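Have a look at the structure below before the remarks.
Treat the numbers as computed from the prediction; the structure is a model and nothing was measured.
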Amino acid sequence: MMEGRCAAESWAEFGCLLKSGTPLVRCGLGTDVFISTGSEEIFVFTALKRNLKAVLQLPAPVRDLVVSRGTQLLFVACSSGIYCVNLQLLSHSASTDAGSGPAELKISSEFLLVVADGVSSLLLVGSVLLTLCQTDSSWLLTLYKTPEQSQSNHCDVLSSFFLPLVSPSVQGDTESKSVLICVYFSDMTQSSSCAAASDACSSGSHFLLQAVLFKLLFGVEAALSKSPVILCGLPDGRLCFLPMRLPGSRLRILHSLEQPVVFIGASAVMETDAGGAGCLIALGKQGRVVLIRADRAGSERGGSIAGFTERCVPGPVECACVSKSCLYYSTGSDLLMLGLSEGSAGKGQDEGASRWSDAALYRPVSLNVSGVIALDQPTCSAAGEVQLLSLSVRGRLQKISLPVRRQEEGMSKLPSSQVGRSVGDLLSAIGDVCERASVLKTVIRSKNQILKQLNQVVNISFLLTDSAKTEDRLIRCYALVRWSRLLQKDSLGLTCVLENLSPYVLERGWTLSIMVLPLSCSPKAREETCSAHFSFPFRRLCPGESLEVSLPVAAAGDASFPVTVTCSLIFSVWSFLGGDGSTTFPDLHNGCFSLPLNTLTVDWLHALRVISPASEQKTVTSHSGSNPADIIQAFISSHQNRVRGGDGASRPDQYYASVRVSSELLRDALRLQRHDSDSNGSKLASQSSCVSLLEWLLSAGCGGVKMGHSGDQTGISSSVVCGHAPNKATVKLTAKEVNLEEESPGKESLVSVEVQVESSSVAAVCGLHHAMLRRIQMLLQKAPQKACSFSEMQISALRRTLQQAESQQGQISEALSVAMSPGQTHRILLRVYQQLRDSPVLVV
């Protein structure tokens with residue numbers, strides 16, 4: 001129980017602390033106090049006179065300092081090395097400048113004792129100076145022989161010990177400071193050694209440990225040799241130890257807090273712990289406390305074992321110190337006291353006392369002092385009053401006096417003022433817990449929503465990476481092409497529609513990516529990049545909804561057809577997480593992955609602008625009445641089409657190519673297509689096969705691309721169709737029935753439909769011919785499978801087709817041989833072209 005209220009007395013102010021430095025407050029010789037605010041300066045303050053005695057100016061920010069009481073030397077660790085200052089020189093400078101303010105002493109390179117980079121902590125054990133620093137691959141603990149007063153510029157290395165670093169993901173906060181302390185073996189039978197150790201334990205870095213606990217933790221050899229043991233607390237959470245006087249000693253791991261170690265100390269947990277501490281304490285940055293005690297092993301085994309008790313207290317912990325029965329630590333916003341004493345317990349009360357101590361770890365007492373960033377070892381007056389020397393975040397040095405803490409027998413009764421203050425503390429703690437719980441609920445709700453959306457992303461990924469056919473996927477794209485005119489310029493546009501027929505929602509983070517790539521580019525276009533990329537981010541696409549986007553494909557006169565349109569969905573983790581993905585997932589390079597949807601093809605038939613014969617006649621009439629310049633240009637173009645080529649052969653006025661399809665096969669295939677799209681199947685019977693084939697070629701969607709023809713075409717009613725190709729060339733499609741009869745009389749005839757493409761442009765003829773073959777191939781793939789009952793006429797047609805293909809293949813191989821001249825090659829290829837044009841392949 002505590003009587004009264006703690007009081008904080010401000011002694012001096014030294015300016016705000018630097019975030020990059022290490023704030024320190026250390027009691028030195030007599031009443032001198034050494035203060036560091038994280039800068040290059042060390043302030044020497046006299047507690048007796050409450051004034052500033054001297055200022056030491058170091059060449060680099062201070063990391064740690066220790067005072068040798070025997071030799072009156074001050075050791076300071078900076079980023080450049082360790083400096084040694086004689087305190088007698090400091091006292092002489094202070095007495096000389098007594099009337100002119102604090103003495104200023106600039107520490108130059110002549111005070112440099114050891115050149116070492118990255119020293120994190122210092123510890124002085126007798127005449128041995130220990131340094132702990134981090135290298136690229138390990139922690140390095142080095143032991144130096146400290147110099148005498150007359151030899152303060154030289155230091156010998158005694159030994160060095162290494163401990164490998166853990167992986168970077170477990171390394172923790174590399175900016176955190178390491179902790180070094182020394183524990184001694186407490187032997188009550190040898191009063192002289194115990195007294196010497198007690199003198200060393202007057203600072204906060206040296207502790208006497210009970211013999212039983214010392215032997216359980218560090219071994220029998222260390223206990224027999226009375227070797228001081230160094231304890232190291234690392235930023236990665238490891239707690240290591242090193243016996244100094246044992247031959248072959250090495251750094252060994254005692255425990256791991258799994259968070260940066262902030263403080264290591266020892267306390268007399270039981271009132272019967274006279275002459276040594278019965279509990280070793282380690283405190284982590286996030287509030288994890290580890291109590292290491294000697295517990296009974298049980299009736300079966302007998303003896304004692306080292307017991308490790310882990311609990312958590314409110315954090316984060318900035319600094320801490322320990323007295324005989326209490327642990328004091330600061331979270332920056334409050335200074336808290338944690339009782340460690342179990343009271344007087346008999347032999348039969350160990351279990352109950354242990355339960356009491358474990359429960360006490362859950363309720364630290366607030367001392368109502370905020371902003372504490374550094375603490376020195378507490379002192380206790382004769383009346384039992386505990387005093388703490390602290391440094392605040394604003395650089396204020398203050399003494400905190402705690403009331404007397406007494407333990408009464410039976411039920412302790414608190415004063416009414418203390419009860420009211422305790423209730424207020426409890427209400428404040430309840431409010432803080434409620435606020436933290438509200439924040440945690442919001443975070444959990446947000447993370448649950450993110451997990452739910454990521455689950456949909458995973459399901460969509462499995463759906464799109466399935467080996468099913470593209471047309472059977474529940475998320476796919478189809479397109480519609482249409483000619484439009486803007487600013488007296490014609491252009492072919494494509495409207496891409498993304499359909500979501502799946503049960504999942506495409507939410508933020510998804511982007512529809514479309515790449516347009518011509519399969520054949522002009523020589524001028526090959527010098528530049530032919531492909532074009534388009535990205536369309538969207539916020540939300542629910543099941544059953546669709547997204548329409550428009551993009552240009554080609555301009556009038558462009559003959560780079562066919563064009564492939566590759567559609568894919570791209571998911572961005574960074575966009576999904578609101579821009580924090582780079583810090584949340586540092587191993588993710590670009591934060592995106594792509595899922596292919598389907599590939600569409602826009603060919604010459606898609607880009608064909610159909611016109612009626614009447615419109616064609618009007619166009620010819622209008623040209624005949626145009627100005628003379630246009631008539632002359634038309635005449636020159638017509639004449640150029642008739643000039644003789646370099647090989648002596650005249651170029652034809654018109655080029656043409658044709659495709660023949662068996663009427664029976666065509667009738668079955670078109671009937672299946674009509675049945676899928678129109679319930680009225682009798683419509684096909686009333687139309688001829690020629691008109692039906694032309695109508696299907698010019699209206700049906702092929703490969704996921706539908707045509708939106710413009711102009712006079714509202715329906716195909718004739719077997720002749722005229723139009724304009726993308727390169728502005730006029731083309732004519734003609735369909736007719738052809739009877740193929742055998743030479744022998746009395747044999748059956750094979751009726752087929754022939755579609756002929758005619759134009760003055762070779763590119764238009766080849767492009768439309770390829771588009772028709774592609775459509776017929778897809779049509780035949782969907783046709784119903786029938787039994788193999790070929791007629792004699794069909795077998796004969798197949799035989800002639802095979803013989804013709806073998807002959808043409810031989811001619812092409814001959815034309816491409818090395819012995820042929822260019823003129824001969826051109827003549828053979830032209831002959832093969834004429835044969836293909838005159839005798840088209842029959843599809844049966």
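With rounding to the nearest 0.5 angstrom, the CD1 atom of Ile281 is 10.0 Å from the CZ atom of Arg293. Distance check, rounded to the nearest 0.5 Å: CD of Glu258 to CG of Asp236 gives 11.0 Å. The distance from the SG atom of Cys496 to the OH atom of Tyr478 is 9.5 Å, given to the nearest 0.5 Å. Here CD1 of Ile460 is found 11.5 Å from OG1 of Thr465. Values are rounded to the nearest 0.5 Å. One finds the CG atom of Asp334 at 6.0 Å from the CG atom of Asn368 (value rounded to the nearest 0.5 Å). With rounding to the nearest 0.5 Å, the separation of CG in Leu180 from CG in Leu141 is 6.5 Å.
Side-chain contact between Val322 and Phe263: present, with at least one pair of heavy atoms (C-beta onward) separated by less than 4.5 Å. For the pair Leu463/Arg473, no side-chain contact is recorded, criterion being any heavy-atom separation below 4.5 Å from C-beta on. By the 4.5 Å heavy-atom criterion applied to side chains, Val505 and Pro543 are counted as neighbours. Looking at Leu165 and Trp139, their side chains come closer than 4.5 Å, going by heavy atoms from C-beta outward. Side chains of Val372 and Ser392 form no contact here, defined as non-hydrogen atoms less than 4.5 Å apart. Between Leu375 and Leu335, the closest side-chain pair of non-hydrogen atoms falls below 4.5 Å. Residues Phe561 and His606 form no side-chain contact, since every pair of their non-hydrogen atoms from C-beta on lies 4.5 Å or further apart. When side chains are defined from C-beta on, Leu163 counts as touching Leu234, because their heavy atoms get closer than 4.5 Å.
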Point to revise | Test log, rule side chain to side chain contact (heavy atoms under 4.5 Å, CB included), inputs Arg63 and Val119 | key: CA-CA 7 Å; Arg63 296 300 305 272; Val119 176; over 6 Å; no
Exercise for review: Evaluate side chain to side chain contact (heavy atoms under 4.5 Å, CB included) for Phe534 paired with Val516, printing each intermediate quantity in order.
Suggested key: CA-CA 8 Å; Phe534 302 90; Val516 180; 3.9 Å; yes
Exercise for review: Go through the steps for Ile292 and Leu254 under the test side chain to side chain contact (heavy atoms under 4.5 Å, CB included), then give the verdict.
Suggested key: CA-CA 10 Å; Ile292 308 175; Leu254 179 64; 4.2 Å; yes
Practice item. Mind running side chain to side chain contact (heavy atoms under 4.5 Å, CB included) on Val481 and Leu492 for me, showing each step along the way? Key: CA-CA 7 Å; Val481 292; Leu492 182 64; 4.2 Å; yes
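Under a 3.5 Å cut-off, the side chain of Asn455 and the backbone N or O of Leu451 do not form any donor-acceptor pair. When atom types are taken as modelled, the side chain of Trp483 and the backbone of Ala607 share a donor-acceptor pair closer than 3.5 angstrom. Within the 3.5 Å criterion, the main-chain N or O of Leu257 finds a donor-acceptor partner in the side chain of Arg288. At distances below 3.5 Å, at least one donor-acceptor pair connects side-chain atoms of Ser461 with backbone N or O atoms of Val457. In this structure, Asn598 contributes its side chain and Cys477 its backbone to a donor-acceptor pair below 3.5 Å. Distance alone, capped at 3.5 Å, places no donor-acceptor pair between the Glu318 side chain and the Ile373 backbone.
Only one option out of Val549, Leu541, Leu506 pairs with Leu512 in a side-chain contact (heavy atoms from CB on, under 4.5 Å); it is Val549. A side-chain contact (heavy atoms from CB on, under 4.5 Å) with Asp64 holds for exactly one of Cys78, Ser121, Ser120; it is Ser121. Considering Leu498, Leu501, Leu597, Leu464 in turn, Leu501 is the only one that fulfils the side-chain contact (heavy atoms from CB on, under 4.5 Å) rule with Arg476.
Scanning all heavy atoms of the two residues, the minimum distance from Leu340 to Cys326 falls at CD1-C, 4.2 Å. What you find for Leu132 and Cys232 is that their closest heavy atoms are CD2-CB, 4.4 Å. Heavy atoms only, all atoms of each residue included: Lys285 and Gln259 are closest at N-OE1, 3.3 Å. A pairwise comparison of heavy atoms in Pro596 and Ser568 identifies CA-CB, 3.9 Å as the closest pair. Taking all atoms of both residues into account, the shortest heavy-atom contact from Gly307 to Asp295 is CA-OD2, 3.5 Å. Shortest non-hydrogen contact noted between Arg774 and Thr601 is NH2-CB, 3.2 Å.
Ring planes of His255 and Phe308: parallel class, angle under 30° (limits at 30 and 60°).
A donor-acceptor contact closer than 3.5 angstrom is absent between the side chains of Ser513 and Thr511.
For Gln449, the CD atom counts as densely surrounded, since its 6.0 Å shell holds more than 12 non-hydrogen atoms of other residues, nucleotides or ligands.
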